[in-house]
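When reading the values below, keep in mind they use all heavy atoms of this one structure, side chains included, and skip hydrogens, waters and symmetry mates. Every chain is numbered from 1 and lettered A, B, ... according to where its sequence line falls, protein lines coming before strand lines.
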2 protein chains.
Amino acid sequence: MTSRLEALCMEKGLKMTGQRRVISQVLSEADDHPDVEEVHRRAVQIDPRISIATVYRTMRLLEDAQVIERVDLGDGRARYEEATADHHHHLIDTRTGRIIEFASPELEAMKERIAHELGYKIVGHRLEIYGVPLDDAADCARDEEERP
Amino acid sequence: MTSRLEALCMEKGLKMTGQRRVISQVLSEADDHPDVEEVHRRAVQIDPRISIATVYRTMRLLEDAQVIERVDLGDGRARYEEATADHHHHLIDTRTGRIIEFASPELEAMKERIAHELGYKIVGHRLEIYGVPLDDAADCARDEEERP
DNA sequence: CTGGGATTGCGAACGGTTTTCAGTATGATG
DNA sequence: CATCATACTGAAAACCGTTCGCAATCCCAG
């Protein structure tokens, strides 16, 4: 079967090799924000003859073709997600590493306004919030209990 | 003369070596966001016997002591600024690389609200806006006119 | 002044990423 | 369907910012 991203790649006229097909499949099935090593790990499970160099190259290719987007979470390695039409941001749970996506038109508008007041036109932006669950935070003083 | 940051370091009980004094001076005099190499370059001009390793070590020390703050602008290397009480963010001019600092209580409030709605308590956050000067943007408006 | 723990300079090591190069596969063409 | 130029791949080396190990050196409490 042809994965979502594979179809997108073909639309964009990219040459579809076996490795690219596998990587596209991995990315189509991912619902998280894997880094290159993780993508490679998953790809190798489908076809063991895929090298990490090819994954790096393919990620860049897909990024340039705007099929995927790089997410820099400040942890020293690039993470990726499928490109989406709507701009969104990330809230990172510092306890679990879980990443929650959110969007806020108000926030977008406010950023536009701030940039405009400074005499600038926005060409890109990025917002990350690091946080801990409210209930965990409440527990902090008198923990200890394990989270489900 | 004792630089602003040197005084701060002594307050915090850090052992003041010649190298640390020089690096403190460099950072006190900086009004930009230098990376480690740049700090080293400036430090060497004052005292040539300072190694890059010491600069790296000192930057980390000062960061841990909360004398300076690391700024990750996504360009692959760490940049630094003096620690300030008020939270602010950065607008990066993509033409010149100039960095403009700004703060917005409204924005802070909105982020708190968003995090709260998602069930989280904020422990950190970061916002960067990349932009081009409005007047420059007008120059090339005809190219981008049809883009939203 | 002096001694010993902290700090330094050097170079080697590191982790993520890119590149080089020789061999291989792709898909346009005949 | 075979051919072929071309683009792609794997493996290893190069890269780049950063950290580390170690012997020499420095700071400052005694």
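- Clustering of Ile, Leu, Val, Met, Phe, Trp and Tyr side chains at separations under 4.5 Å places Ile129(B) together with Leu91(A), Ile100(A), Phe102(A), Leu107(A), Met110(A), Ile114(A), Leu118(A), Tyr120(A), Ile122(A), Leu127(A), Ile129(A), Leu91(B), Ile100(B), Phe102(B), Leu107(B), Met110(B), Ile114(B), Leu118(B), Tyr120(B), Ile122(B), Leu127(B).
- Taking five base pairs at each end of the helix from dC1(C)-dG30(D) to dG30(C)-dC1(D) and finding the rotation axis that steps the C1' atoms of four pairs onto the next four gives two axes whose angle is 20°, to the nearest 10°.
- Glu69(B) meets the salt bridge (Lys or Arg N to Asp or Glu O under 4.0 Å) test with no other residue; sequence neighbours excluded.
- Here Arg57(B) pairs with nothing under the salt bridge (Lys or Arg N to Asp or Glu O under 4.0 Å) rule; sequence neighbours left out.
- For residues 25-72 of chain A, the set of pairs meeting the ring pair (Phe, Tyr, Trp, His ring centres under 6.0 Å) definition, not counting sequence neighbours, comprises His33(A)-His90(A).
- Evaluation of the salt bridge (Lys or Arg N to Asp or Glu O under 4.0 Å) rule for Arg79(B) yields Asp75(B) as partners, not counting sequence neighbours.
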| remark: Its contact letters, B for base, S for sugar-phosphate only and - for none at protein heavy atoms under 4.0 Å, make nucleotides 11-20 of chain D read ------SBBB

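- Judged as a salt bridge (Lys or Arg N to Asp or Glu O under 4.0 Å), and not counting sequence neighbours, Glu81(B) has no contacts.
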| task | Using a 4.0 Å cut-off on protein heavy atoms (strictly under), produce a 5'-to-3' string for nucleotides 23-30 of chain D with B for base contact, S for backbone-only sugar-phosphate contact, and - for none. | result | ----BS--

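- Residues passing the side chain to side chain donor-acceptor pair (under 3.5 Å) test with Arg60(A), sequence neighbours excluded: none.
- The 12-atom threshold is exceeded at NE2 of His88(A), counting heavy atoms of other residues, nucleotides or ligands nearer than 6.0 Å.
- On the nucleic acid side, DNA chain C has its first and last nucleotide under 4.0 Å of a heavy atom of chain B at dG5(C) to dC10(C), going 5' to 3'.
- For residues 2-10 of chain A, proximity to DNA chain D is found at no residue, defined as any non-hydrogen atom under 4.0 angstrom from a strand atom.
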